[in-house]
S.K.: 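Can you keep this structure in mind? I'll have questions shortly.
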Amino acid sequence: MNLPGIETLVKAPFAEGDVFIAGRWCAAEDGRTFPVHDPATAELIREVSAAGPGDAMAAVDAARAAAAGWRSTPPRRRSEILHTAFALMRENTETLARLIVLENGKAYRDAVAEVGYAAEFFRWFAEEAVRIGSSFGDAPGGGFRHVVRRHPVGVTAFVTPWNFPAAMATRKIAPALAAGCPVLLKPAPDTPLTALAIAALLSEAGLPDGLLNVLPTDRAPEVVSAWLRDERVRKFSFTGSTATGRKLLEQAAANVVNVTMELGGNAPFIVCEDADVDAAVRGAMDAKMRGGGEVCIAANRFYVHRSVAAEFTEKFAAAMTAVRAGAGLEEGVTLGPMVNRTAVESIRSLVDDAIERGAKVAARGEVPEGPGHYHPATVLVDVPEDARIMNEEVFGPVAPLATFADEDELVARANDTVHGLASYIYSRDVGRALRIAERLETGMVGLNRGLLSDPAAPFGGVKQSGLGREGGREGIEAFLETQYIALDWPTD
């Protein structure tokens, strides 16, 4: 299957509406819509159906009705469907990437990379689907046997963010389907079209009706609360801010819903005195500027050893100044607009606060004039620890730099945050780097690497950065329940 051209998808991608329930495209029950805008121009892309509580319940009904058949579907068949979805995503890379650029704003090269990354979740979990197993053994005390089996947790509900509209969807959808669970998905209101395109691809791949239900909406509290109040929903996974995650955890607790939370980050990027500075600069550009800095694992605070601070700052500032900002589909653009005006204002507020507290601007790139939501690539130096930007996610192309001289002091500063998602270390001394890594309170560490994510590796954080892991073997275990059977039989 080839998706329709980008123009067709944007103008009228689906026949009756944009809510996908039980294999059918339909309008919202009450006919409501909401606008989706192009971040590069602030112009309206189109109105999208806005699902409500009635649609949420219809989606649960559809998922529940499809659950038994999918649970009994052989893992090999589930795997084949996911492999087909992987192939279809790869075939439609250009169309999907252009769609991501249009509604999210990121540079085309980043969007292409995201489509490849998103597709890999289908391939990885297609391979994991056939490895779900049970075990049989003798009780150590004798007399009976243990049977331990794994089965699907049940109906799953997902809320995904706008920064990776394809990858955050497939990272949740793929393991759930592989495990035998039906899915309810609410994509971010800024970027619903990519999720709808993925639903179309999965349908074409042979996924039975009712196993993936996609509800775009701008009234998330009504839809998500309806799901969490329904006892048929047994798994909930959310990617987003820590503040919102706390509220959703409270709601999920009422029915003791199994949850996975991937929340905010405040990643330190550490450059030791023996680091390869050129490599560290390249890694810093990857860790800071991927997706325009609108990434939960983006480097948020830079700690550079005093002995290499001048060299690193000069080279990093030059690299950031050379970034070309503009509309994501323009040739040579490496920094697209931020997702909306609110995001730009939030970034500016953090930069202004740092400067008021004594930070200096070491580099500031240029952005195009006009109505788009742009913020320049910026490097700040001499940033004090009490600046908000050192304690809050900037979620944009701004890098605050501070120096350090003592390893113990460094570790204490790096860990002085409620977050613990990712961190980065550059050092030629692997022993030193590992020693620091083991002391950092984060779920993931990039050692001499600015890119962390891999579908084959467990993704997640500690402290208030979340609960559970996505990706890797752990990613499918989140959608499985364990049942133990004590087995005995007559011997005469």
Side-chain angles (χ1 to χ4, degrees), residues 51-53 56-57 59-60 63-64 152-164 167-169 171-173 175-176 179 181-190 195 213-215 217-267 295-297 300 346 391-393 395 415 417-422 441-444 458-472 474-482:
M57 289 298 91
V60 177
R64 180 67 174 177
V153 67
V155 176
T156 64
F158 302 147
V159 175
T160 53
W162 48 261
N163 59 336
F164 285 88
M168 296 303 95
R171 191 162 77 184
K172 299 178 190 295
I173 293 169
C181 301
V183 171
L184 313 170
L185 171 65
K186 190 213 75 64
D190 289 296
N213 305 277
V214 182
L215 280 70
T217 189
D218 63 345
R219 36 184 171 166
E222 298 174 50
V223 169
V224 177
S225 293
W227 285 344
L228 291 175
R229 287 195 301 266
D230 194 309
E231 293 184 355
R232 294 172 296 175
V233 175
R234 298 313 308 149
K235 173 73 183 184
F236 179 69
S237 180
F238 169 76
T239 298
S241 72
T242 297
T244 301
R246 291 192 197 104
K247 296 176 182 177
L248 292 171
L249 277 169
E250 290 179 1
Q251 293 183 49
N255 282 334
V256 195
V257 176
N258 181 325
V259 296
T260 296
M261 294 273 170
E262 195 265 282
L263 306 178
N266 189 12
V295 181
C296 56
I297 59 172
N300 206 62
S346 175
N391 298 281
E392 301 175 24
E393 260 189 310
F395 232 65
N415 288 338
T417 173
V418 299
H419 298 295
L421 189 57
E441 297 169 352
T442 63
M444 298 171 286
F459 186 103
V462 300
K463 299 195 286 190
Q464 293 189 31
S465 283
L467 300 167
R469 294 296 183 269
E470 296 179 313
E474 293 83 351
I476 198 168
E477 290 176 352
F479 297 95
L480 296 169
E481 294 282 17
T482 299

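These numbers were taken from a predicted model, which means no experiment stands behind them.
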S.K.: Is there side-chain contact between L184 and V60, with at least one heavy-atom pair below 4.5 Å?
M.R.: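 In short, these two side chains touch, coming nearer than 4.5 Å.
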S.K.: What distance do W227 atom CH2 and T156 atom OG1 have between them, rounded to the nearest 0.5 Å?
M.R.: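 Reported value, rounded in 0.5 Å steps: 9.5 Å.
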S.K.: Please name all residues satisfying side chain to side chain donor-acceptor pair (under 3.5 Å) with N258, sequence neighbours left out, ordered by chain then number.
M.R.: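 For N258, the residues satisfying side chain to side chain donor-acceptor pair (under 3.5 Å) (neighbours in sequence not counted) are K235.
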S.K.: Between N391 (side chain) and T417 (backbone), is there a donor-acceptor pair under 3.5 Å?
M.R.: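 Answer holds: no.
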S.K.: Only counting residues at least two apart or in another chain, list the ones meeting side-chain contact (heavy atoms from CB on, under 4.5 Å) with A220.
M.R.: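 side-chain contact (heavy atoms from CB on, under 4.5 Å) check on A220 returns K186.
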S.K.: Taking E262 first and then R171, would you say they form a salt bridge - that is, a charged N and a carboxylate O separated by under 4.0 Å?
M.R.: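 Here E262 pairs with R171 in a salt bridge, since their nearest N and O are under 4.0 Å apart.
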S.K.: Which residues pass the salt bridge (charged side-chain N to carboxylate O under 4.0 Å, His left out) test with D190, sequence neighbours left out?
M.R.: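 Partners of D190 by the salt bridge (charged side-chain N to carboxylate O under 4.0 Å, His left out) criterion come out as none, since no residue qualifies.
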S.K.: For the backbone of G264 and the side chain of H419, can you confirm whether one donor and one acceptor N or O come within less than 3.5 Å of each other?
M.R.: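 Yes, H419 side chain to G264 backbone: donor-acceptor pair under 3.5 Å.
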S.K.: Taking all atoms of both residues into account, what is the closest heavy-atom pair of A157 and V233, and its distance?
M.R.: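 Residues A157 and V233, closest heavy atoms: CB-CG1, 4.0 Å.
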S.K.: Going by the rule side-chain contact (heavy atoms from CB on, under 4.5 Å), which residues pair with A267 if we only count those two or more places apart in sequence or in a different chain?
M.R.: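 Checked A267 against side-chain contact (heavy atoms from CB on, under 4.5 Å); matches are A422, Y424.
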S.K.: What residues, two or more places apart in sequence or in another chain, satisfy side chain to side chain donor-acceptor pair (under 3.5 Å) together with E477?
M.R.: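 If we apply the side chain to side chain donor-acceptor pair (under 3.5 Å) test to E477, skipping adjacent residues, there are no hits.
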S.K.: Could you list the residues that satisfy side chain to side chain donor-acceptor pair (under 3.5 Å) with T244, not counting sequence neighbours?
M.R.: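 Counting only residues at least two positions away or on another chain, T244 forms a side chain to side chain donor-acceptor pair (under 3.5 Å) with S241.
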S.K.: By side chain to side chain donor-acceptor pair (under 3.5 Å), which residues pair with T442, not counting sequence neighbours?
M.R.: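 Once residues adjacent in sequence are excluded, the partners of T442 under the side chain to side chain donor-acceptor pair (under 3.5 Å) criterion are S423.
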S.K.: Does either side chain, that of E222 or that of T217, offer a donor lying less than 3.5 Å from an acceptor on the other one?
M.R.: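 Their side chains do not contain a donor-acceptor pair, so the 3.5 Å distance test is not met.
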S.K.: Flag yes if more than 12 heavy atoms outside R219 fall under 6.0 Å of its CZ atom; otherwise flag no.
M.R.: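 Buried by this count: over 12 neighbours within 6.0 Å.
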S.K.: What pair of heavy atoms forms the shortest contact from G475 to P175, and how long is it?
M.R.: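 Closest approach of G475 to P175, heavy atoms only: O-CB, 3.5 Å.
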S.K.: List in chain and number order the residues that pass ring pair (Phe, Tyr, Trp, His ring centres under 6.0 Å) with F395, two or more places apart in sequence or in another chain; answer none if no residue qualifies.
M.R.: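 F395: ring pair (Phe, Tyr, Trp, His ring centres under 6.0 Å) contacts with W162.
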S.K.: Scan residues 458-469 for pairs that pass side-chain hydrogen bond (donor to acceptor under 3.5 Å, both in side chains), counting only residues two or more places apart or in two chains.
M.R.: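 As it turns out, the side-chain hydrogen bond (donor to acceptor under 3.5 Å, both in side chains) pairs with a partner in residues 458-469, which skip direct neighbours, are R246-Q464, E441-K463.
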S.K.: Of all the heavy-atom pairs spanning A226 and A56, show the shortest one and how long it is.
M.R.: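 Heavy atoms only, the tightest pair is CB-CB, 4.1 Å.
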S.K.: Say you draw a straight line from CD1 of I297 to CG of L421; how long is it, rounded to the nearest 0.5 Å?
M.R.: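 Between I297 CD1 and L421 CG, I get 7.0 Å after rounding to 0.5 Å.
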S.K.: Taking atom CD of E481 as the centre, report whether more than 12 heavy atoms of other residues, nucleotides or ligands fall under 6.0 Å from it.
M.R.: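 Counting other residues, nucleotides and ligands, CD of E481 exceeds 12 neighbours.
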S.K.: Checking A195 now: which residues fulfil side-chain contact (heavy atoms from CB on, under 4.5 Å) with it, not counting sequence neighbours?
M.R.: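 Once residues adjacent in sequence are excluded, the partners of A195 under the side-chain contact (heavy atoms from CB on, under 4.5 Å) criterion are L185, P187, V214.
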S.K.: With side chain to side chain contact (heavy atoms under 4.5 Å, CB included) as the test, would you mind laying out the steps for E474 and F459 before giving the verdict?
M.R.: CA-CA 9 Å; E474 293 83 351; F459 186 103; over 6 Å; no
S.K.: Roughly how far, to the nearest 0.5 Å, is CE of M168 from CZ of F238?
M.R.: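 Interatomic distance, F238 CZ to M168 CE, rounded to 0.5 Å: 12.5 Å.
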S.K.: Side chains of residues 247-255: which donor-acceptor partners sit under 3.5 Å, not counting sequence neighbours?
M.R.:
| residue | atom | partner | partner atom | Å |
| --- | --- | --- | --- | --- |
| Q251 | OE1 | S225 | OG | 2.9 |
| N255 | ND2 | L228 | O | 3.1 |
| N255 | ND2 | R229 | O | 3.2 |

S.K.: Only one of N266, V418, L263 forms a side chain to side chain contact (heavy atoms under 4.5 Å, CB included) with T242, so which one is it?
M.R.: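 Of N266, V418, L263, side chain to side chain contact (heavy atoms under 4.5 Å, CB included) with T242 is met by L263 alone.
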S.K.: Can you name the ring pair (Phe, Tyr, Trp, His ring centres under 6.0 Å) partners of F158, sequence neighbours left out?
M.R.: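 Ring pair (Phe, Tyr, Trp, His ring centres under 6.0 Å) list for F158, sorted by chain: F479.
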S.K.: Test your reading of the model: is there a side-chain donor-acceptor pair from T260 to the backbone of G468, 3.5 Å cut-off?
M.R.: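 The answer is no, because no donor-acceptor pair under 3.5 Å joins these two groups.
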